[in-house]
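The block underneath contains the structure these notes are about, expressed in structure tokens.
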Amino acid sequence: MISISMAVLLPAVVLASVLGPEQIARYKDKATLNQIIVEESDSANEGYRYTLSSNEKLFLLSKCLEHQALQENELNAMARPESSDVDYGELMGTYAFVMNRQGPSGREITDKEIFQICNQEINILRERGVLPDKVREVEPASYSAVLYSAIDVLEPQNNMSVWKVSLSTSQQNADKTNRLIDAYIDAVTGRIYGFYVRTESTWSEMEPKKMVELWSDYLGLTGLTDYDSSNPLLETTPDFEKYCFPGIEEGNTIVTVGFYEGINELFLKMI
């Protein structure tokens, strides 16, 4: 009796070992075919993108603007060359400030939003006492907005997108009183990192130290200190004060608040 049972069972075991896995696989295929299955993945760091702090952004932007051919203010606006195509694969030097011809990504302020954001930030800076009360909002018809990329060429993960909003060159003969001339705006947060504005106020009426403290708080900067220099040739105007912020690694950023008396232009810049 035992031998008969073994004779029946043994072929069944052999057959199951041969056909079983294949049959099981078919059942699994039928169960998952044309079905969307969501599984949690333990890859929290995948796609991680390094985010620069406000101090690091300020430092990077300062270095990139410093390596431009011209100082960015109204006095030399007429001499600015037209921007040309840039080959990102052939960037020279350590820092580059280049036009972003690909346009905003999904996380950046668009060209349709930039003027509204700019006015929003102008209002914030007026309320905080950084900008004079009478500085007007920008009108899209009178201004241009260009998206730039500020890049540390040797450390390309250190980069930021910046909108530069400028009074259009077609407005050169228009009344510039209380108008924004140039502003550098973070393309992600909308915060204004630097500006040139015409004003009715005079330098003697201004409090540059208080202004930079309020602007520093607005940006979330840390480590503000006075920057003492006995060199009167640092600027093309005698009316200025300089301050210092820690930047990337051992680097520091020099911020200048100044005033061009002849044209009544107040500026805050990183170079």
Exercise for the section: Please confirm whether Phe259 and Phe240 have ring centers closer than 6.0 angstrom. Expected result: no
Practice task
State yes or no: are the ring centers of Tyr193 and Tyr184 separated by less than 6.0 Å?
Solution key: no
Problem - Pair Tyr218-Glu121, side-chain donor/acceptor within less than 3.5 Å - result: yes
Practice task
Hey, could you give me the OH/CG distance between Tyr95 and Leu154, rounded to the nearest 0.5 Å?
Solution key: 8.0 Å
Exercise for the section: Walk me through it: do Met160 and Asp186 pass the test side chain to side chain contact (heavy atoms under 4.5 Å, CB included)? Expected result: CA-CA 8 Å; Met160 65 181 295; Asp186 189 312; 4.0 Å; yes
Exercise for the section: Could you tell me whether the side chain of Cys64 reaches within less than 4.5 Å of the side chain of Leu60, counting heavy atoms only? Expected result: yes
Practice task
Give a yes-or-no answer on whether the side chains of Lys269 and Thr256 include a donor-acceptor pair shorter than 3.5 Å.
Solution key: no
Problem - Tyr227 ring center within less than 6.0 Å of Tyr243 ring center - result: no
Problem - Ser168 vs Ser142 side-chain heavy atoms within contact, under 4.5 Å - result: no
Fill in the blank from the handout: dist Met270:CE -> Leu61:CG (nearest 0.5 Å) comes out at 4.0 Å
Handout entry: side chain to side chain contact (heavy atoms under 4.5 Å, CB included) evaluation trace for Phe267 with Thr237
Key = CA-CA 11 Å; Phe267 63 86; Thr237 173; 4.2 Å; yes
Exercise for the section: Enter the distance from Ser149:OG to Gln102:CD here, rounded to the nearest 0.5 Å. Expected result: 8.0 Å
Practice task
Test Lys176 against Leu167 for side chain to side chain contact (heavy atoms under 4.5 Å, CB included), laying out the working first.
Solution key: CA-CA 9 Å; Lys176 297 183 178 66; Leu167 184 64; 3.9 Å; yes
Handout entry: Asn55 side chain to Ser53 side chain, donor-acceptor N/O pair below 3.5 angstrom
Key = no
Practice task
Would you mind reporting whether Cys118 and Ile122 have side-chain heavy atoms less than 4.5 Å apart?
Solution key: yes
Practice task
Determine whether Met206 and Ser201 make a side-chain contact, defined as any pair of heavy atoms from C-beta on separated by less than 4.5 Å.
Solution key: yes
Exercise for the section: Considering only NZ, NE, NH1 and NH2 on the basic side and carboxylate oxygens on the acidic side, decide whether Glu265 and Arg179 come within less than 4.0 Å. Expected result: no
Handout entry: Whether over 12 other heavy atoms sit under 6.0 Å from Glu205 CD
Key = yes
Exercise for the section: For Gly190 and Ile117, work out which heavy atoms get closest and say how close. Expected result: CA-CG2, 3.8 Å
Exercise for the section: Return the minimal non-hydrogen interatomic distance between Phe115 and Pro140, and the atom names on each side. Expected result: CD1-CB, 3.8 Å
Exercise for the section: Say whether, by atom type as modelled, one donor and one acceptor occur between the side chain of Ser54 and the main chain of Leu219 under 3.5 angstrom. Expected result: yes
Problem - Side-chain touch Ser216/Phe245, heavy atoms, less than 4.5 angstrom - result: yes
Handout entry: Heavy-atom closest pair, residues Val165 and Ala145
Key = CG2-CB, 4.2 Å
Problem - Between Thr199 and Asn264, a side-chain donor and acceptor under 3.5 Å - result: no
Practice task
Answer yes or no: is there a side-chain heavy-atom contact under 4.5 Å between Ile185 and Arg191?
Solution key: no
Problem - Co-membership, hydrophobic cluster, residues Phe195 and Ile254, 4.5 Å side-chain - result: no
Problem - Hydrophobic cluster identity match, Val188 and Leu221, side-chain contacts under 4.5 Å - result: no
Practice task
Nearest 0.5 Å please: distance from the CD1 atom of Ile114 over to the CG atom of Asn119.
Solution key: 10.0 Å
Exercise for the section: Determine, stepwise, if the pair Met211 / Trp215 fulfils side chain to side chain contact (heavy atoms under 4.5 Å, CB included). Expected result: CA-CA 6 Å; Met211 183 187 302; Trp215 171 79; 5.6 Å; no
Problem - Nearest non-hydrogen partners of Asp182 and Leu180, listed with the distance - result: O-CD1, 3.5 Å
Practice task
Taking the side chain as every heavy atom from C-beta outward, state whether Ile124 and Ile192 have any atom pair closer than 4.5 Å.
Solution key: no
Handout entry: Exercise: do Asn123 and Glu137 side chains pair donor with acceptor under 3.5 Å
Key = yes
Problem - Check against salt bridge (Lys or Arg N to Asp or Glu O under 4.0 Å), Lys209 and Glu241 - result: CA-CA 8 Å; Lys209 179 63 177 291; Glu241 290 188 9; over 6 Å; no
Exercise for the section: Could you tell me whether Glu207 atom CD has more than 12 heavy atoms of other residues or ligands within 6.0 Å of it? Expected result: no
Fill in the blank from the handout: Heavy-atom nearest pair, Thr110 first then Pro104, reads CA-CG, 3.9 Å
Exercise for the section: Quick one: closest heavy-atom pair of Pro246 and Gly223, and the distance? Expected result: CD-O, 3.4 Å
Practice task
Flag yes if more than 12 heavy atoms outside Gln120 fall under 6.0 Å of its CD atom; otherwise flag no.
Solution key: yes
Practice task
Could you tell me the separation between the OH atom of Tyr148 and the OG atom of Ser161, rounded to the nearest 0.5 Å?
Solution key: 13.0 Å
Completion exercise
Output for pair (Lys57 NZ, Asn159 CG), nearest 0.5 Å, gives 10.0 Å
Exercise for the section: Report the C-alpha separation of Asp217 and Arg128 in whole Å, then their side-chain angles, then the decisive distance to 0.1 Å, and conclude whether the salt bridge (Lys or Arg N to Asp or Glu O under 4.0 Å) test is met. Expected result: CA-CA 10 Å; Asp217 180 68; Arg128 287 177 176 245; 3.0 Å; yes
